[in-house]
Amino acid sequence: MTTTEDQSVSDAVTAGSHATDIARSGAATFRTGGGQADPARVSAVVGAALEGIRAAIREQKVTYEEFDAFKRWLISVSDTGEWPLFLDVYLEFEVEKVAAETQDGSVGTILGPFWLDGQAQLDSPATLPMRDDEPGTPMILAGQVTSTDGTPLAGAKVDIWHTDEEGWYSGFASKPPAGNLRGVVTADDQGRYEIHTRKPAPYTIPLDGPTGQMTLAAGWSPWRPAHIHLLVTAPGHRTLTTQLFFTGDPYLGNDVASADKPELTLDPQPTGNGDEIRSDRDFVLAPE
Ligand code: BEZ
Ligand code: FE
């Protein structure tokens with residue numbers, strides 16, 4: 001999210017604690033597993049992670065001053081509720097790559113921390129909830145949802161969320177109203193969907209919290225290219241978690257969350273209706 005003077009400096013804390021509540025509740029149940037962890041697995045994964053950090057300490061000759069600064073930084077990640085943000089910016093893309101090794105169908109990418117349950121349920125063709133004077137280029141995203149064998153998936157759900165033209169997510173920043181530019185669209189009996197919205201904007205992760213501060217301290221770019229998030233679901237099929245980006249975006253290839261992929265780039269074209277643009281994108285879901 002971009003940081004502007006008229007936006008409260010507490011947005012990082014507000015967004016962070018909201019994302020933490022969602023992660024704690026396990027609301028993203030489409031991905032959660034369960035059960036008791038196998039001690040051998042815990043030892044292998046946690047052991048490898050700790051050894052990675054110990055190797056960094058040895059190789060970089062980390063000082064006590066740096067170790068104490070690291071402790072303070074970890075505590076502030078907890079205090080601001082930024083664990084979901086930090087983990088989704090810097091680690092989720094690797095987990096997604098592992099998951100993609102065993103998932104057929106359309107290319108996916110990370111979920112990120114800004115998905116919300118319980119949004120407007122809409123039939124295709126649908127217009128996402130938005131303000132009367134919602135800024136931004138009107139955009140249509142349309143396509144068909146099929147199974148890997150080409151069968152249309154009637155009634156597939158396309159859960160979509162993205163920022164407004166200023167880079168703010170509803171539900172996490174104070175500016176856009178609740179539910180703005182979010183919705184769950186039901187495809188027709190041929191699996192076809194059509195969604196009318198506004199083109200989103202590139203944005204920075206919150207810069208006033210520890211994740212953004214660390215990013216800036218390291219001299220790394222805090223920007224994400226503009227993107228549309230999608231969760232595409234149909235009974236008997238694995239959920240597709242993906243994002244769509246825009247050709248020509250200056251932050252493509254330098255996404256702070258490392259989530260952009262060439263296969264996920266849209267090239268919207270004018271429809272001839274004012275400044276409206278349109279992109280067509282089909283989704284292929286793998287049977288469970
Ligand atoms: C996002 O998609 O908005 C996002 C993903 C990972 C970290 C932060 C934001
Ligand atoms: Fe996002």
Side-chain angles (χ1 to χ4, degrees), residues 1-3 7 11-23 27-28 30-31 77 80-97 99-100 107-117 119 128 136 139 141 158-173 175-176 179-183 195 197-216 218 220-232 239-246 249-261 264-266:
M1 296 177 197
T2 47
T3 305
Q7 192 81 15
D11 262 354
V13 175
T14 308
S17 49
H18 194 177
T20 297
D21 289 343
I22 293 164
F30 52 90
R31 285 201 312 201
V77 175
T80 54
E82 278 201 1
W83 277 117
L85 177 72
F86 172 75
L87 293 170
D88 292 352
V89 169
Y90 286 109
L91 298 183
E92 189 187 352
F93 72 98
E94 293 288 6
V95 181
E96 193 279 327
K97 271 192 219 161
V107 171
T109 187
I110 68 171
L111 177 71
F114 299 131
W115 173 78
L116 285 176
D117 201 0
Q119 300 306 302
L128 294 188
M139 175 174 169
L141 179 67
V158 180
D159 187 341
I160 176 170
W161 68 105
H162 60 80
T163 69
D164 66 12
E165 199 201 31
E166 290 185 83
W168 301 112
Y169 276 104
S170 62
F172 293 91
K175 252 187 171 178
N180 205 57
L181 303 176
R182 296 174 179 270
I195 300 170
T197 186
R198 293 284 184 274
K199 187 172 185 254
Y203 67 91
T204 70
I205 58 169
L207 297 178
D208 50 344
T211 307
Q213 290 294 309
M214 184 213 66
T215 303
L216 295 178
W220 301 333
S221 165
W223 286 90
R224 290 220 65 209
H227 57 278
I228 294 174
H229 290 266
L230 300 141
L231 275 176
V232 187
T239 297
L240 171 67
T241 305
T242 196
Q243 298 179 27
L244 297 172
F245 301 85
F246 295 90
D249 190 302
Y251 302 104
L252 280 180
N254 191 23
D255 179 358
V256 65
S258 308
D260 59 330
K261 301 181 184 182
L264 299 178
T265 306
L266 299 174

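Note that ligands are numbered from 1 as they come in the structure, with each ligand's atoms numbered from 1 the same way. Hydrogens, waters and symmetry mates are skipped; everything else that's a heavy atom, side chains included, is used. Quick caveat: nothing in here was measured; it's all calculated off a predicted structure.
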Do the side chains of Leu264 and Thr109 get nearer than 4.5 Å, heavy atoms only?
yes

Look at the N, O or S atoms of His162, main chain and side chain alike, and state whether any lies under 2.8 Å from the Fe ion (ligand 2).
no

Within the 4.5 Å heavy-atom criterion, are Trp161 and Leu231 side-chain neighbours or not?
yes

Please tell me whether Thr211 and Glu82 have a donor and an acceptor in their side chains that are separated by less than 3.5 angstrom.
yes

Report whether any nitrogen, oxygen or sulfur of Tyr169 sits less than 2.8 Å from the Fe ion (ligand 2) (N, O or S, backbone or side chain).
yes

Inter-residue atom distance Ile160.CD1 - Leu181.CG, 0.5 Å rounding
9.0 Å

Spatial distance of atom CD (Gln213) from atom CG (Leu207) [nearest 0.5 Å]
7.5 Å

In chain-and-number order, ligand 1 lies under 4.0 Å from a heavy atom of each of Leu85, Asp88, Val89, Ile110, Gly112, Pro113, Phe114, Tyr169, Tyr203, Arg224, His227, His229, Gln243, Ala257

Between Tyr203 and His227, is the gap from one ring center to the other below 6.0 Å?
yes

Between Trp223 and Asp255: side-chain donor-acceptor atoms closer than 3.5 Å
no

